[in-house]
Amino acid sequence: MSNNLLENTIGFRIPAIVYVLSIIAFTLIAASACSASPERAEHRLPNIIIMYADDLGYGDIGAYGATAISTPNIDALAKSGIQFMDAHASAATCTPSRYSLLTGEYAFRRQAQILRGDAPALIRPGQPTLASMLKSRGYTTAVVGKWHLGLGDDNVDWNGPVKPGPLEVGFDYSFLLPATGDRVPTVYVENHHVVGLEADDPLQVSYQEKIGDRPVGYENPDLLRQGADKLHSGSIVNGISRIGYMEGGKAAEWVDEDFPDIFTGKAIDFIRANKEGPFFLYFPFHDPHVPRLPHKRFQGSTQLGARGDAIVQLDWMTGQIVAELRRLGIEEDTLIVFSSDNGPVLNDGYEDRSVELLGDHKPAGPLRGGKYSAFEAGARVPTLLTWPGAVDPAISDALVSQVDFYASFAALVGSELRPTEAIDSENVLDALLGNSRQGRITLFKQSLGPDSLRSARYKYISPVPALSPSLQAIEQKKGVETGQSVEPQLYDLSNDLGERVDIAAEHPEIVEEMQRAIDAIRQRSNSP
């Protein structure tokens, strides 16, 4: 970008000597990050845990202003580490954000959208990932929780080895929801196999037509615990109709209310088995994604209904992991990131009274939009980083993206990236560890509709050729402003965090420059 826009973005011109000195300081800090004390220097590289909520909004936890939901364990992470006020998922939907976090590249490079439950593996064998990079540095790696990045190839045989999957892209162990709770198959997959599947009751999945004799929501609404829209009215499992159709596999079916105990238990088992480290645990929660069916221990924890109770459940899971690290004496050897894959949504296919019981709670906080949206609430998400003894508590306004975890953690562990590896990831380790207030200069985000670009001050949303009827339907049914417009939009977040005053017409030079930056990102090749 031009010097004028950079001055507007940062607020002042950086003298050359200051810039050079900052680079030297960053190098020294990154090199010493793993030896913050003489005791730490004697230990291995830090364990790394990424806790990844699903559809958790900027205003959904206490540290970011929520008062109707109690989240003491998550808030404790904020108090003991860095709380980021301007941190972002790379997209406003789940599959693209997860892809970017693990690969360090934007999801549009693989035409990634929200995947169906039987979609083939999006990350293909041989493609570098955060897990494979850390594994090359001696880490034992695991993913426990919601995957939603596809498994196998087309026409997966769920009754045999289900691969390729996480084990083929850098993970040593995996225990998964194959997609998400509102999609079939409603079974766990551990490493390459469906858990609990019986040979005389084979599992089949279809997203094209009804199969088998299992009841479906659109024919048997009287069997449902929650009403559902047309999309979510396929096979009924545990009283909930899902997207898609499923035949057989009865003994392998999950019970939604068991998620917190099953996933937390598997995560703790992995931590205990690898306490000598270093280990990397990617722990993507299902909460508070639909269908929201918290365990009975958490039902009634809030006045907000199932969604609020699911966030309390999420907080409990977070606390259990931290407590186990403390019990094992490895809390100070462990770097934890807590964040979310995109912003909040209330009505997302099921009638669980999340809208009716919302009260004064604001899931997006002061931000506009939500899941699916190009406005800030679509991808600006709560983000916390703690590493006791190495990171001092602070609140940071640095502009950071989850796509940058790859390059930043590569710098932390001393891994040199190839030119074609994690091509969209920037090393912002200094900002992540709280040693600098400067993160990215600009930040690119995807939504279901238009792209957007952030600087420290401005937010630009690119125009669409024509309004999308499918996005208009989302706005009507889900109550989310998607941000689509045939005109460019520009907001000055320094005095308009809620994106209410469009100043694009007043600053055509900024609009032109930010659109050029988006075009350049879109046109960048994976080739060296």
Side-chain angles (χ1 to χ4, degrees), residues 54-55 93-95 98 113-120 145-152 155-156 158-159 162 175-189 194-197 201-260 262-263 284-295 306-307 310 313 341 345-354 371-372 474 477-478:
D54 196 336
D55 296 353
T93 53
C94 50
T95 296
R98 292 160 195 272
Q113 298 294 333
I114 303 172
L115 295 180
R116 67 182 193 271
D118 63 345
K146 175 187 168 180
W147 182 240
H148 209 181
L149 288 166
L151 292 169
N155 302 315
V156 172
W158 297 96
N159 305 287
V162 180
F175 187 93
L176 311 174
L177 250 63
T180 189
D182 60 351
R183 289 165 172 78
V184 298
T186 54
V187 297
Y188 301 115
V189 176
V194 173
V195 176
L197 190 62
D201 187 24
L203 171 63
Q204 295 184 41
V205 171
S206 173
Y207 274 74
Q208 285 73 45
E209 60 185 2
K210 180 184 175 184
I211 57 174
D213 57 3
R214 188 188 301 269
V216 295
Y218 60 83
E219 293 177 344
N220 305 97
D222 56 306
L223 299 180
L224 299 178
R225 300 162 64 189
Q226 295 179 4
D229 63 18
K230 183 178 180 180
L231 177 65
H232 294 80
S233 289
S235 292
I236 299 175
V237 179
N238 193 27
I240 300 292
S241 54
R242 320 282 170 156
I243 302 174
Y245 304 97
M246 177 172 151
E247 178 181 9
K250 186 67 178 178
E253 290 177 3
W254 70 47
V255 175
D256 304 70
E257 289 88 341
D258 291 342
F259 286 171
I262 296 292
F263 290 130
F285 305 102
H286 185 263
D287 293 325
H289 193 281
V290 295
R292 302 170 184 125
L293 297 165
H295 192 279
R307 187 174 184 276
Q313 177 172 277
D341 63 349
V345 62
L346 299 179
N347 180 359
D348 207 15
Y350 295 97
E351 298 170 8
D352 64 4
R353 302 192 67 208
S354 292
K371 182 179 181 178
Y372 309 114
I474 285 176
K477 294 178 181 179
K478 302 181 186 296

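No experiment lies behind these values; they were computed from the predicted model shown. Numbering starts at 1 and runs along the sequence shown.
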- Query: In Å and rounded to the nearest 0.5 Å, what is the OH to CD distance from Tyr245 to Gln204?
  - Reply: 15.5 Å
- In Å, rounded to the nearest 0.5 Å, how long is the span from CG of Leu203 to CD of Glu247? 9.0 Å
How close do [X] and [Y] get, counting heavy atoms only, and between which atoms?
{"X": "Pro120", "Y": "Arg116", "answer": "CD-NH2, 4.0 Å"}
{"X": "Asn238", "Y": "Arg225", "answer": "O-NH1, 2.9 Å"}
{"X": "Asp229", "Y": "Ser233", "answer": "O-OG, 2.6 Å"}
{"X": "Gly234", "Y": "Ser241", "answer": "O-CB, 3.6 Å"}
{"X": "Leu149", "Y": "Leu115", "answer": "C-CD1, 3.5 Å"}
{"X": "Pro291", "Y": "Asp256", "answer": "CG-OD2, 3.9 Å"}

Heavy-atom check, side chain of [X] versus side chain of [Y], under 4.5 Å:
{"X": "Leu231", "Y": "Lys477", "value": "no"}
{"X": "Ile262", "Y": "Phe175", "value": "yes"}
{"X": "His286", "Y": "Thr180", "value": "yes"}
{"X": "Asp348", "Y": "His232", "value": "no"}
{"X": "Pro185", "Y": "Asp118", "value": "no"}
{"X": "Ile240", "Y": "Thr186", "value": "no"}
{"X": "Leu293", "Y": "Phe259", "value": "no"}
{"X": "Leu197", "Y": "Val187", "value": "no"}

Look at the side chain of [X] and the backbone N and O of [Y], then say whether any donor-acceptor pair between them is shorter than 3.5 Å.
{"X": "His148", "Y": "Cys94", "value": "no"}
{"X": "Tyr350", "Y": "Arg292", "value": "no"}
{"X": "Tyr207", "Y": "Val184", "value": "yes"}
{"X": "Ser206", "Y": "Ile211", "value": "no"}

- Task: Could you give me the CA-CA distance, side-chain angles and deciding distance for Ile236 and Arg214, then say whether side-chain contact (heavy atoms from CB on, under 4.5 Å) is met?
- Result: CA-CA 7 Å; Ile236 299 175; Arg214 188 188 301 269; 5.6 Å; no
- Task: Among Lys478, Arg307, Lys371, find the one that has a salt bridge (Lys or Arg N to Asp or Glu O under 4.0 Å) with Asp55.
- Result: Lys371
- Would Met246 and Trp158 count as a side-chain contact (heavy atoms from CB on, under 4.5 Å) if you check the C-alpha gap in whole Å, the side-chain angles of each, and the deciding distance to 0.1 Å? CA-CA 11 Å; Met246 177 172 151; Trp158 297 96; over 6 Å; no
- So, Glu253 and Arg242, do they make that salt bridge, N to O below 4.0 Å? no
- Below 4.0 angstrom, N of the basic side chain to O of the carboxylate: do Asp54 and Lys146 qualify? yes
- Task: Show your reasoning for whether salt bridge (Lys or Arg N to Asp or Glu O under 4.0 Å) applies to Asp201 and Lys250.
- Result: CA-CA 7 Å; Asp201 187 24; Lys250 186 67 178 178; over 6 Å; no
- Task: May I ask you to decide if the ring planes of Trp254 and Tyr188 are parallel, tilted or perpendicular, using 30° and 60° as cut-offs?
- Result: tilted
- Can you establish whether the number of heavy atoms outside Arg353 located under 6.0 Å from its atom CZ is more than 12? no
